[in-house]
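Let me begin by presenting the structure, written as structure tokens, before commenting on it.
Since we're looking at a predicted model, the values are computed, not measured. Letters go in sequence order (proteins before strands), and every chain restarts at 1. Only heavy atoms go into these numbers, but all of them, side chains included; no hydrogens, no water, no symmetry mates.
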Number of protein chains: 2
Amino acid sequence: MSQAAENATPHRAPTMADVAQVAGVSHQTVSRVLSSHPNVRDTTRAEVLRAIEQLGYRRNSSARALVTRRTLTLGVVACNPTLFGPASTLFGLEEAARDEGYMVSAVTLRQYTASALEDAIDHLSNGGVEGIVVIVPKREAVAALAGLRLPFPVVTVEGGHDLPIPGVSVDQDLGARMVTEHLLAGGHPTVWHVAGPQDWLEAEARIKGWRATLEEAGAEVPPPLVGDWTALSGYRAGQELAGRVAVGSARRRSAPVSAVFVANDQMALGVLRAFREAGLSVPGQVAIAGFDDIPAAEYFAPPLTTVRQDFAAVGKASIRLLLDRVESGATRPDERVVIDPQLIIRNSSTPS
Amino acid sequence: MSQAAENATPHRAPTMADVAQVAGVSHQTVSRVLSSHPNVRDTTRAEVLRAIEQLGYRRNSSARALVTRRTLTLGVVACNPTLFGPASTLFGLEEAARDEGYMVSAVTLRQYTASALEDAIDHLSNGGVEGIVVIVPKREAVAALAGLRLPFPVVTVEGGHDLPIPGVSVDQDLGARMVTEHLLAGGHPTVWHVAGPQDWLEAEARIKGWRATLEEAGAEVPPPLVGDWTALSGYRAGQELAGRVAVGSARRRSAPVSAVFVANDQMALGVLRAFREAGLSVPGQVAIAGFDDIPAAEYFAPPLTTVRQDFAAVGKASIRLLLDRVESGATRPDERVVIDPQLIIRNSSTPS
DNA sequence: CCCGAGTCTGTGAACGCTAACAATAATCGC
DNA sequence: GCGATTATTGTTAGCGTTCACAGACTCGGG
């Protein structure tokens, strides 16, 4: 009557000892086979492999981690998925980590406060990560990071290079210069700017590059409008700008709008809509450029001139930097990787 | 001379025994404090907590996992990040998992072959996950999944409901019906369709809903064009369709194009561009609708009518389904969660 | 003033693996 | 053919937790 109970899968996963018994060797030999130790006779190895196959054995990662002190897991803290950059970076990074044999545990942030970041890191820490990549390009968050004493290495992505934390970033300043120069080269007296949120390092760097380029060219520096990366905020900024095109504003306080560098493609999309609704032609009356080169950018109306960032490279580089620390104990806090962006010229800035 | 060496962080992380010693108790008492066991005197608890604080002690997750047989880690297999859906689902899912105290390890797929999927699952398995969510809405991949004998529960997202694997999905068929009906209601004799890749279950379901709606309305069912989700493929399809607008094709084999349901927003973007270049007005001459409601859709030219999917809900539901299995040993293979989509009507289908 | 039922704490044994060492068998140089 | 290597295998300890159990101590009631 208790047959069923007896046969009922007690379902304790097979252990190394089980395999050893089936193969008629010691558990240590099994271990050796699994870690491809050279000194195992071929016949023995085959025997063991057969037993493993037969039992469907898998090494217990926790036991392994316990004794080797290596979890082979890295953590990533990232933000909102509707942002193209972080998502792409995350994916590139995971691929690079996997190639190196590491797992990647991700934590996403809804808010970018210092405390949310600390919670996220705490969570990863509980998960036993050996190091983390932080993709939270906000000034406040990165500063909080510097204050933490963590038992594992940290690498930032787009975290700025003011703090003694190693990091990877795309040269935002350069990107902004390239776009701005490109627009100026189109013969516009100056270039307006729709910036990202104040406390984002990327937004700041893009403003900086834009401003510097204008100043170097001796062009007037109009006051930048500020958005929040969303298309909606770009739309609002676009409405504002539309009133100043060509004719200039009534009180002629600042240069008329004939070229606009928008700090990301989403906002540029909003600007395009606002201009369209205002009956302005792009690039006829106003030239526009964005930043990011999201997949859709090529199909905007008109196709958007923008700056492409190689996020896969960013991800890969951040893993490289992190593993240098995790595996080789590298420790230089001032190591940086800067990746050059690429200007993609499309129809929104150049009459075809 | 060897001072430095002596002080040099031997940096073995403190253990429970270390804390116990500092606090003057046994390691077991420390364990009890950490797992908030009720029977610990307050003064003792305080003592222990102080020692923990002082040493910066953290529980070793591997040791814990080894003895409890719980890694508190879930795995996710997802695909390309340029796709809005999977990325959003991943993030929603991670949040839900974290709320329940689980880590999430992600693996991304560049290709959707069965073998790539198996590799991914193998990788997660090595990482000791307790269960996985698979977001790979391709027929082939899901079929491969059914053939695997895995030592942990699996839940699919958009994996179709033909196989005995529990899963969550948005009702694609319903979504397609809603758009198609909406377009028909605009007075169009029929609705053309730009479909996604053949082997994607979502593409298939959307075709099905579209076709059924047309048939029920007694409308002609034009041959669907097939894209690959990219804006480029939508652009090509759009060029093809543009030739058949209003006047109909020269040989008048099929209905003229006056309304198009495109299987996702990216492709719809491409179609819009093609129509724009062909001098066709939307929605004046052709009404268009997409699927997904990506953030940019509202700012397309014109703003795109589309179907919104609640990806956060999908992520949350998949974790619920998975944890039912992981924690309570639920085992019904036919459990499904179907989430209703929402029709978002914008200007691309309705003259404003 | 003693006993049973708590309350609080400590002890010893796993958990499943790898590392270090020991032991044995096989091989080689001369 | 003998000692010295080298190849192959087994044995014994941990790794840092939690679990099961056993003590010791407290508190009321009889």
Measuring from atom OG of Ser88(A) to atom CG of Leu93(A), what distance do you get when rounded to the nearest 0.5 angstrom?
11.5 Å
Just so I know, are the side chains of Val337(B) and Ile339(B) near enough to count as touching, which here means a heavy-atom distance under 4.5 Å?
yes
Between which nucleotides of DNA chain D, read 5' to 3', does contact with chain B run, using atoms under 4.0 Å from its heavy atoms?
dG16(D) to dA20(D)
Each nucleotide of nucleotides 15-22 of chain C classed B (base within 4.0 Å of a protein heavy atom), S (only sugar-phosphate) or -, in 5' to 3' order, makes BBSBBB--
Atom pairs and distances, side-chain donor-acceptor, residues 21-28 of chain B, under 3.5 Å, sequence neighbours left out:
| from | atom 1 | to | atom 2 | distance (Å) |
| --- | --- | --- | --- | --- |
| Ser26(B) | OG | Gln28(B) | N | 3.4 |
| Ser26(B) | OG | Thr29(B) | N | 3.4 |
| Ser26(B) | OG | Thr29(B) | OG1 | 3.4 |

Applying ring-ring contact (aromatic ring centres under 6.0 Å, His included), can you list everything that pairs with Phe152(B), at least two apart in sequence or on another chain?
none
Sorted by chain and residue number, the salt bridge (charged side-chain N to carboxylate O under 4.0 Å, His left out) partners of Arg59(B) (sequence neighbours excluded) come out as none
Which pairs of donor and acceptor atoms, one on a side chain in residues 135-150 of chain B, lie under 3.5 Å apart (sequence neighbours left out)?
| from | atom 1 | to | atom 2 | distance (Å) |
| --- | --- | --- | --- | --- |
| Lys138(B) | NZ | Asp199(B) | OD2 | 2.9 |
| Arg139(B) | NH2 | Glu204(B) | OE1 | 3.1 |
| Arg139(B) | NH2 | Glu204(B) | OE2 | 2.6 |

Global bending angle along the helix from dC1(C)-dG30(D) to dC30(C)-dG1(D), which compares the axes of five pairs at either end, to 10 degrees:
40°
Please name all residues satisfying side-chain hydrogen bond (donor to acceptor under 3.5 Å, both in side chains) with Arg64(B), sequence neighbours left out, ordered by chain then number.
none
Can you list the residues that meet the side-chain hydrogen bond (donor to acceptor under 3.5 Å, both in side chains) rule with Asp122(A), with sequence neighbours excluded?
Arg58(B)
With sequence neighbours left out, which residue pairs that include part of residues 31-57 of chain A fulfil the ring-ring contact (aromatic ring centres under 6.0 Å, His included) condition?
none
Once you apply a heavy-atom cut-off of 4.0 Å, does Thr29(B) come out as touching a base, just sugar-phosphate, or nothing?
sugar-phosphate
Within a strict 4.5 Å, meaning less than it, do heavy atoms of the Pro153(B) and Leu322(B) side chains meet?
yes
Is the shortest side-chain heavy-atom distance between Glu53(B) and Leu49(B) below 4.5 Å?
no
Using a strict heavy-atom distance below 4.0 Å, which residues from residues 38-56 of chain A are in contact with DNA chain C?
none
Review item, side-chain donor-acceptor pairs of residues 96-119 of chain A, under 3.5 Å, at least two apart:
| from | atom 1 | to | atom 2 | distance (Å) |
| --- | --- | --- | --- | --- |
| Arg98(A) | NE | Glu94(A) | OE2 | 3.0 |
| Arg98(A) | NH2 | Glu94(A) | OE1 | 3.2 |
| Arg98(A) | NH2 | Thr108(B) | O | 2.6 |
| Tyr102(A) | OH | Arg70(A) | NH2 | 3.0 |
| Tyr102(A) | OH | Glu327(A) | OE2 | 2.6 |
| Ser105(A) | OG | Ser105(B) | OG | 3.2 |
| Thr108(A) | OG1 | Glu94(B) | OE1 | 2.8 |
| Arg110(A) | NE | Glu95(B) | OE1 | 3.4 |
| Arg110(A) | NE | Glu95(B) | OE2 | 2.8 |
| Arg110(A) | NH2 | Glu95(B) | OE1 | 2.5 |
| Arg110(A) | NH2 | Glu95(B) | OE2 | 3.4 |
| Thr113(A) | OG1 | Ala116(A) | N | 3.1 |

